[in-house]
J.: 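Below you will find the structure I want to go over with you.
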Amino acid sequence: MKKKVTVFAPASIANLGCGFDVIGLALDEVGDVLEISASDGDGISIVNETNIPLPTDTELNVITPVVRKFLEMISEKAKIKVRIIRKISPGSGIGSSAASSAAAAFGMNQLYDCPLSEEDVVLCAMEGENLASGGYHADNAAPAVMGGIVLIRGYEPLDLIKLPVPGNFYCSVAHPHIMVSTKEARSILPREISLHDAVRQWGNVGGMVSGLYSGDMALVGRAMKDLVAEPYRKQFIPGFDDLRTRVMDAGALAMNIAGSGPSVFALADSYRTAVLTEKIMKEHFASTGCETYAIKITNRGARVL
Ligand code: HSE
């Protein structure tokens with residue numbers, strides 16, 4: 001067993017349009033950094049060394065249930081200290097809670113010389129997601145641990161499938177400075193959808209998986225449509241439809257809400273288009289302020305620094 005590890009876990013985009021709670025991808029260039037150490041004893045302490053405000057009550061930090069679950073799964077007791085060194089803003093829609101949860105689960109596994117499988121590491125990370133959003137979804141946590149694009153084929157038991165990332169898969173992402181809580185964004189969704197919408201949605205999920213395997217980015221773009229969450233959530237994002245028209249006119253293959261929002265992302269098949277659509281997003285959200293990124297999607301997930 002190691003005394004201390006420093007780990008990184010990336011931000012992520014959940015849903016990818018059609019795959020509500022079942023598809024997500026890692027955004028390798030943005031993420032959280034944690035230093036985790038263990039000593040004899042019991043209990044968890046968390047020190048936030050960033051300037052991002054986080055709950056000071058340890059019980060309210062997503063890292064706590066993740067660490068507890070990990071120790072329970074390997075039947076160990078220890079005094080765990082976590083230093084949060086880098087943090088994505090909570091409520092961003094690019095998997096802030098998942099990045100912390102994935103870094104905590106992955107880091108604990110590294111600290112103990114990897115007793116858990118990758119799927120079990122994701123299971124631990126999902127405890128943090130449950131605290132943050134009131135649901136055990138893995139479409140941020142799985143890509144944050146595993147990297148690339150991940151399909152959650154099933155939850156009971158967890159069945160994770162890493163999908164291929166085409167070589168020309170780029171995204172522009174904008175995180176407007178608006179607060180949308182995942183809990184609220186989930187609570188407004190209807191519990192049932194019509195058969196008509198379900199048929200379109202699963203057609204798109206199949207289309208997306210097929211497009212990723214064949215490297216057909218136009219097909220991936222056509223399939224990146226959401227009838228389940230977007231119609232109810234886009235009200236939280238000022239000018240969502242206008243922005244989509246503008247980025248599509250500029251050559252994007254699709255634009256959707258990232259996870260539960262307020263971030264949005266546009267799909268592109270070249271870095272040039274991603275940069276162009278990033279600029280349009282920046283202008284669009286000028287009044288609220290925003291962070292933007294133009295990113296090539298890779299297969300890199302959580303890792304030791
Ligand atoms: N699939 C989840 C949702 C992701 O859309 O609520 C939250 O980031």
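Every number for a ligand or one of its atoms is a count from 1 in the order of the listing. Predicted model, so just to flag it, every value in this text is computed and none were measured.
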J.: Would you be so kind as to tabulate the donor-acceptor pairs closer than 3.5 Å made by side chains of residues 295-305, with sequence neighbours excluded?
T.:
| from | atom 1 | to | atom 2 | distance (Å) |
| --- | --- | --- | --- | --- |
| K296 | NZ | G167 | O | 2.4 |
| T298 | OG1 | R300 | N | 3.2 |
| R300 | NE | D28 | OD2 | 3.3 |
| R303 | NH1 | D28 | OD1 | 2.9 |
| R303 | NH1 | G301 | O | 2.9 |
| R303 | NH2 | D28 | OD1 | 3.1 |

J.: Hey, are D113 and K2 close enough for a salt bridge, meaning a charged N less than 4.0 Å from a carboxylate O?
T.: yes
J.: Which one of L219, L151, I149, L16 satisfies the side-chain contact (heavy atoms from CB on, under 4.5 Å) criterion with M208?
T.: L16
J.: Transitive ILVMFWY cluster of V199 at side-chain heavy atoms under 4.5 Å: who else is in it?
T.: L195, W202
J.: Look at K282 together with E278 and state whether they make a salt bridge at an N to O cut-off of under 4.0 Å.
T.: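 Looking at E278 together with K282, the answer is no, because their closest N to O distance does not fall below 4.0 Å.
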J.: When you pair each N or O of ligand 1 with protein N or O atoms, which pairs come out under 3.5 Å?
T.:
| from | atom 1 | to | atom 2 | distance (Å) |
| --- | --- | --- | --- | --- |
| ligand 1 | 1 (N) | N15 | OD1 | 2.8 |
| ligand 1 | 1 (N) | D21 | OD1 | 2.5 |
| ligand 1 | 1 (N) | D139 | OD1 | 3.3 |
| ligand 1 | 1 (N) | D139 | OD2 | 2.7 |
| ligand 1 | 5 (O) | N15 | ND2 | 2.8 |
| ligand 1 | 5 (O) | R233 | NH1 | 2.7 |
| ligand 1 | 5 (O) | R233 | NH2 | 3.4 |
| ligand 1 | 6 (O) | R186 | NH1 | 2.7 |
| ligand 1 | 6 (O) | R233 | NH2 | 2.9 |
| ligand 1 | 8 (O) | N140 | OD1 | 2.9 |

J.: Write out all pairs satisfying ring-ring contact (aromatic ring centres under 6.0 Å, His included) with one or both partners inside residues 102-123, taking only residues at least two apart or from two chains.
T.: F70-Y112
